[in-house]
Amino acid sequence: PKVDAALNLHELTSERGIPLTLFSSIAGTFGGMGQGNYSAANAFLDAFAAHCRMQGHPVQSMAWGLWEQRSEMTGKLGGADLSRLARGGIVPFSSADGAALFESARTSGLPVVLPMRLDLAALAAQPTESVPALLRGLVRPAGRRPVRRAAAGGVVPARGVNQHLGTMPKAEHGRYLLDLVRSTVAGVLGYTGPSDVEEDRGLLDLGFDSLTAVELRNQLGKATELRLPVTLLFDYPTSKAIAGYLEEQMAPEAADTVEDVFPELDRLEEDFSRIAADDAARARVTARLEGILARLGPSTSATGDAAVSRIDSASDDEIFDFIENELGLN
């Protein structure tokens, strides 16, 4: 309809020298999820206006931003949609501002203009690659963020979720990933924070649609560096289910190594110092350690056999000295 209308209007007005103003959209300039056909139609209007102006015809295309007053087209935008636009720096303008923008655009003499309202602070807060190339000259983007808020009290380092998981005990992986999912869900839907997202509640019930489902999948994929299925939200319909799926997918890359054991040993050493004065607790811990070291003992090295032999005949104090000195926990 946009293409046919523009061509017919141009045919009716061009020979009479009547100025023609086409109403386009910023979707033709910046694109938009789920708006491939709409973006293409508006891109045609912009290119057609430039083409006509080169031929001497007074044609102008106005690629409008977001009007505050709801219309048949924008009336279906929900809170999540508006929040997504706001994060990208697109904020609505009033009808009065729109009229003023129309007059400014009409008198600019340019074949294509973008009457819109921008939140430059929101744009500047975006990573460089997320800011449309056309707008990068207006702000100094933040570049890659050093950290990303994952949930109240936690952050996702820029080095990636997988690397961060490698510094944590495995028992904490599930909660960390659940916080990440809930935080991302809250951001996509425009909620105040992850505490507003119930971990067992269906995400479709929370307000997700096909577009926001794609955004959730893209953001989680970028954070985890995983290639997530496009049907993620439908296959795993709750925050808890998605977090469980992420943990399963990241488990092979976060497999235990020798280096992974030492943070746990460091933590245990701190616990040992608190129970050292309790003879009964020392005896129980010593017995457990003897069992663990016995399992580590059998090897092809004479050193390992010697260590087991020493443990068998060691006192409590010698056991603790052995842990600190022989295993290098100091």
query: Less than 4.0 Å between a side-chain N and a carboxylate O, is that true for R106 and E103?
result: yes
- prompt: Short question: side chain of N42, backbone of A27 - any donor-acceptor pair under 3.5 Å?
  reply: no
task: Flag yes if V230 and V188 sit in one hydrophobic cluster, no otherwise; membership is Ile, Leu, Val, Met, Phe, Trp, Tyr, and two members link when side-chain heavy atoms are under 4.5 Å apart.
output: no
Whether H173 side chain and L165 backbone form a donor-acceptor pair below 3.5 Å: yes
field: Identified ring pair (Phe, Tyr, Trp, His ring centres under 6.0 Å) counterpart of W67 within the set F93, F23, F102
entry: F93
task: Give the minimum heavy-atom separation between P194 and R182, together with the two atoms involved.
output: O-NH2, 3.0 Å
task: Under the side chain to side chain contact (heavy atoms under 4.5 Å, CB included) rule, what do E199 and T238 come out as? Steps first, then yes or no, please.
output: CA-CA 6 Å; E199 61 183 58; T238 67; over 6 Å; no
query: Quick check: does any side chain N or O of R117 sit under 3.5 Å from a backbone N or O of V91, one acting as donor and the other as acceptor?
result: no
message: Would a single hydrophobic cluster contain both L20 and L110, if residues Ile, Leu, Val, Met, Phe, Trp and Tyr are joined by side-chain heavy-atom contacts under 4.5 Å?
response: no
task: Apply side chain to side chain contact (heavy atoms under 4.5 Å, CB included) to the pair T21 and V59, showing each step before the final yes or no.
output: CA-CA 6 Å; T21 300; V59 179; over 6 Å; no
- line: Here the gap from E247 atom CD to T224 atom OG1, rounded to the nearest 0.5 Å, amounts to 13.0 Å
- line: Nearest heavy-atom approach of A50 to P111 is CA-CB, 4.0 Å
query: So if you build clusters from Ile, Leu, Val, Met, Phe, Trp, Tyr with side-chain heavy-atom gaps below 4.5 Å, do F44 and L9 land together?
result: yes
message: For the backbone of A105 and the side chain of S108, can you confirm whether one donor and one acceptor N or O come within less than 3.5 Å of each other?
response: yes
- prompt: Looking only at heavy atoms, what is the nearest atom pair of L177 and V161, with distance?
  reply: CD2-CG1, 3.9 Å
- request: Report the distance from atom CD of Q60 to atom OG1 of T107, rounding to the nearest 0.5 Å.
  value: 8.5 Å
message: Restricting to non-hydrogen atoms, name the atom on V185 and the atom on F208 that form the minimum distance, rounded to 0.1 Å.
response: CG1-CE1, 3.6 Å
Expected output: side-chain S14 to main-chain H10 donor-acceptor under 3.5 Å: yes
task: Would you kindly confirm whether Y236 and L206 end up in one hydrophobic cluster when ILVMFWY residues are joined by side chain heavy atoms under 4.5 Å apart?
output: yes
- prompt: Is the backbone N or O of L180 less than 3.5 Å from a side-chain atom of T184, with the two atoms forming a donor-acceptor pair by type?
  reply: yes
task: Heavy atoms only: give me the nearest A6-F48 pair and the separation to one decimal.
output: O-CE2, 4.0 Å
- prompt: Side chains of D46 and S24: donor-acceptor distance under 3.5 Å anywhere?
  reply: yes
message: Quick one, M250 and L226 - any side-chain contact, counting heavy atoms below 4.5 Å?
response: yes
message: Main chain of L232, side chain of R217: is a donor-acceptor contact present, judged purely on distance under 3.5 Å?
response: no
message: To the nearest 0.5 Å, what is the distance between CZ on R201 and CG on D196?
response: 11.0 Å
- prompt: Roughly how far, to the nearest 0.5 Å, is CD1 of I242 from CG of D235?
  reply: 9.5 Å
statement: Minimal heavy-atom distance between V197 and S239, with the atoms involved, is CG1-OG, 3.5 Å
L114 side chain near W64 side chain, heavy-atom distance below 4.5 Å: no
- request: Decide whether L12 and L22 are clustered together by the hydrophobic rule: side chain heavy atoms of Ile, Leu, Val, Met, Phe, Trp, Tyr closer than 4.5 Å, transitively.
  value: no
field: Test side chain to side chain contact (heavy atoms under 4.5 Å, CB included) applied to L203 and T212, step by step
entry: CA-CA 10 Å; L203 295 176; T212 47; over 6 Å; no
message: Could you check whether atom CD of E15 has more than 12 heavy atoms from other residues, nucleotides or ligands sitting under 6.0 Å from it?
response: no
- prompt: Roughly how far apart are L189 CG and L216 CG, rounded to 0.5 Å?
  reply: 8.0 Å
query: For the atom pair NZ (K2) and CG (L7), what is the distance rounded to the nearest 0.5 Å?
result: 13.0 Å
